[in-house]
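Report on one structure; see the data block that follows.
As the structure is a computational prediction, the values presented were derived from the model and not from experiment.
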Amino acid sequence: MAPPNLKLSSGHHMPQVGFGLWKVANETCADTVYNAIKVGYRLFDGACDYGNEKEAGEGVARAIKDGLVKREELFLVSKLWNSFHEGDKVEPICKKQLADWGIDYFDLYIVHFPVALKYVDPEVRYPPGWNYTEDKVELSNASIQETWHAMEDLVHKGYAKSIGVSNFQGSLILDLLRYAKIRPATLQIEHHPYLVQPTLLQLAQSEGIAVTAYSSFGPQSFIELEWQNAKDTPVLFEHPVVTAIAESHKRTPAQVLLRWSTQRGLAVIPKSNNPDRLQQNLEVTDFDLAKEELDSISALDRHLRFNNPTDVSKSLSCFDNSIANSSHSTSERFTSLLKCTWSQDQAMGVGWLHQVDT
């Protein structure tokens with residue numbers, strides 16, 4: 001059974017389960033995308049910063065050529081990198097990314113971070129990464145308002161059907177909504193049982209903004225990068241709360257973690273190179289967790305963030321998160337936080353998006 005679609009405020013429909021392209025190697029990316037389409041994935045979440053958009057596009061082109069799928073059946077997502085926030089830089093880089101993918105439009109184009117960095121010409125370095133020079137981060141004076149109006153122009157010109165934001169906190173979203181002529185259709189955030197962010201979810205709900213969760217498995221993606229704070233954190237796949245629920249439903253811990261999000265109305269974008277897990281990750285909308293099970297997973301919340309620009313430079317503080325920025329080790333912080341209890345209304349997630357089967 002294909003996963004349901006979520007109806008966006010833009011009027012378009014987005015698959016609730018997609019495939020994330022972060023950390024997909026260039027040499028395997030085309031085959032990975034092709035095989036994921038064969039399994040049934042229709043949403044692919046890419047970005048300039050991932051450095052694999054050409055290869056992802058090759059996989060899409062091959063699948064279309066072989067008759068596996070039509071372009072209009074796919075939902076292709078990309079993101080505006082921080083170095084291109086100035087108003088006159090947004091359209092050219094979007095058009096370059098479209099050319100890399102080999103397509104005419106993005107179904108969704110997202111502001112990757114609320115961080116404007118000094119422009120780096122793609123002819124000099126692409127993707128540009130965080131640094132302006134080899135060892136220095138330099139900020140741009142571009143405002144979110146300037147960037148967003150340029151994003152809106154992409155919709156008017158047909159380069160993007162919907163636009164959204166990623167890694168934005170509540171105050172920035174409220175400010176953006178003051179001047180937006182086209183409201184953000186989606187908000188993409190780090191979201192897992194160690195970082196539930198219920199207040200941010202409630203804000204998105206109240207404003208009709210669909211939420212996509214990335215890093216749904218918590219530290220797992222960052223363990224692969226050898227990040228010490230992730231290695232110091234208990235693995236969610238092995239957490240007794242998660243494994244007990246998985247056993248009771250005869251599902252994998254990964255499926256339980258993804259269902260915890262999808263049942264509460266969020267979209268998810270896991271990835272896997274394993275054919276069995278590819279299929280399993282799609283099958284996360286055809287069973288239900290009990291309210292008590294949802295609440296017990298949400299109660300694992302420790303406000304623990306792994307993806308934080310301050311790891312690149314202390315000047316890039318865009319999250320109000322004392323845990324992520326603490327000088328203590330993750331293991332010390334986690335041990336301390338395990339002694340805390342959180343009220344049920346803080347721990348509970350929220351579900352709001354209308355699912356549409358199309």
(message) Salt bridge or not between Glu73 and Lys70? Use side-chain N to carboxylate O under 4.0 Å.
(response) no
(message) Ignoring hydrogens, what is the shortest heavy-atom contact between Ile245 and Ser296? Give both atom names and the distance.
(response) CD1-OG, 3.7 Å
(request) Give a yes or no on whether the ring-centroid distance for Phe222 and Trp22 is below 6.0 angstrom. (result) yes
(request) State whether a side-chain donor-acceptor pair under 3.5 Å links Gln255 with Gln280. (result) no
(message) Give me the atom names and distance for the closest heavy-atom approach of Ser221 to Lys23.
(response) O-CE, 3.4 Å
(message) Set out, in order, the CA-CA distance, both residues' side-chain angles and the distance that settles side-chain hydrogen bond (donor to acceptor under 3.5 Å, both in side chains) for Tyr41 and Asn281, then state yes or no.
(response) CA-CA 10 Å; Tyr41 285 87; Asn281 288 347; 4.5 Å; no
(request) In plain terms, say whether Asp104 and Lys95 are close enough for a salt bridge, that is, a side-chain N and a carboxylate O under 4.0 Å apart. (result) no
(request) Without swapping roles, check the side chain of Gln16 against the backbone of Leu266 for a donor-acceptor pair under 3.5 Å. (result) yes
(request) Keeping the roles fixed (side chain from Glu152, backbone from Lys181), state whether a donor-acceptor pair exists under 3.5 Å. (result) yes
(message) Would you call the rings of His149 and Tyr179 parallel, tilted or perpendicular, taking 30° and 60° as the class edges?
(response) perpendicular
(message) So that I know where these two stand, are Tyr50 and Trp81 an aromatic pair - ring centroids less than 6.0 Å apart?
(response) no
(message) Would you say that Asn131 contacts Val137 through its side chain, given a criterion of any heavy-atom pair below 4.5 Å between the two side chains?
(response) yes
(message) One thing to verify: whether Lys96 and Asp100 come together as a salt bridge, which I'm taking to mean a side-chain N less than 4.0 angstrom from a carboxylate O.
(response) yes
(message) With rounding to the nearest 0.5 angstrom, report the CG to CZ distance, Leu76 to Phe44.
(response) 8.0 Å
(message) The criterion is ring pair (Phe, Tyr, Trp, His ring centres under 6.0 Å); which residues satisfy it with Tyr34, sequence neighbours excluded?
(response) none
(message) Treating Thr28 as the side-chain partner and Val24 as the backbone partner, does any N or O pair qualify as donor plus acceptor under 3.5 Å?
(response) no
(request) Applying side-chain contact (heavy atoms from CB on, under 4.5 Å) between Gln197 and each of Arg305, Gln202, His303, report the one that passes. (result) Arg305
(request) Ignoring hydrogens and angles, tell me if any N or O in the side chain of Arg183 forms a donor-acceptor pair with the backbone of Glu207 under 3.5 Å. (result) yes
(request) Kindly say whether Val284 contributes a backbone atom to a donor-acceptor pair with the side chain of Thr262 at under 3.5 angstrom? (result) yes
(message) So, using ring pair (Phe, Tyr, Trp, His ring centres under 6.0 Å) as the criterion, who are the partners of Tyr132 when residues are at least two apart?
(response) none
(message) Just checking Phe306 against His192, ring centres under 6.0 Å apart?
(response) yes
(message) For Asp286, is there an ion pair with Arg251 - N to carboxylate O distance below 4.0 angstrom?
(response) yes
(message) I want to check a possible cation-pi pair here: Lys271 against Phe19, using under 6.0 Å from ring centre and within 45° of the ring axis as the test.
(response) no
(request) Could you tell me if the ring centre of His191 sits under 6.0 Å from that of Trp260? (result) yes
(request) Verify whether one side chain among Gln228 and Asp232 offers a donor that lies under 3.5 Å from an acceptor in the other. (result) yes
(message) If we ignore hydrogens and angles and just use 3.5 Å, is the side chain of Glu190 paired with the main-chain N or O of Asn307 as donor and acceptor?
(response) yes
(request) Identify the residue among Asn167, Asp45, Thr212 that makes a side-chain hydrogen bond (donor to acceptor under 3.5 Å, both in side chains) with Gln188. (result) Asp45
(request) Could you tell me whether Asp66 and Arg62 have a side-chain N and a carboxylate O separated by less than 4.0 Å? (result) no
(message) Would you say Gln97 and Ser78 are linked by a side-chain donor-acceptor pair, where the criterion is simply a distance under 3.5 Å?
(response) yes
(message) Is it the case that the side chain of Asn5 and the backbone of His13 share a donor-acceptor pair, with hydrogens and angles ignored and the cut-off at 3.5 Å?
(response) no
(request) Verify, without hydrogens or angle tests, whether Gln263 (side chain) and Leu289 (backbone) share a donor-acceptor contact under 3.5 angstrom. (result) yes
(request) Answer with yes or no whether the side chains of Glu224 and Gln220 bring together a donor and an acceptor at under 3.5 Å. (result) no
(message) Please find the pair of heavy atoms, one from Gly129 and one from Leu117, that lie closest to each other, and give the distance.
(response) O-CD1, 4.2 Å
(request) Run the ring-centre check on Phe217 versus Phe237 and record whether the distance is less than 6.0 Å. (result) yes
(message) Testing the basics here: between Arg42 and Ile37, what is the closest heavy-atom pair and its distance to 0.1 Å?
(response) NH1-O, 3.0 Å
(message) Treating Glu293 as the side-chain partner and Ala290 as the backbone partner, does any N or O pair qualify as donor plus acceptor under 3.5 Å?
(response) yes
(request) Begin with the C-alpha distance, continue with both residues' side-chain angles, and end with the deciding distance and a verdict on salt bridge (charged side-chain N to carboxylate O under 4.0 Å, His left out) for Lys157 and Asp153. (result) CA-CA 6 Å; Lys157 295 180 179 181; Asp153 286 341; 5.6 Å; no
(request) Taking Asn35 for its side chain and Asp31 for its backbone only, find out whether a donor-acceptor pair lies under 3.5 Å. (result) yes
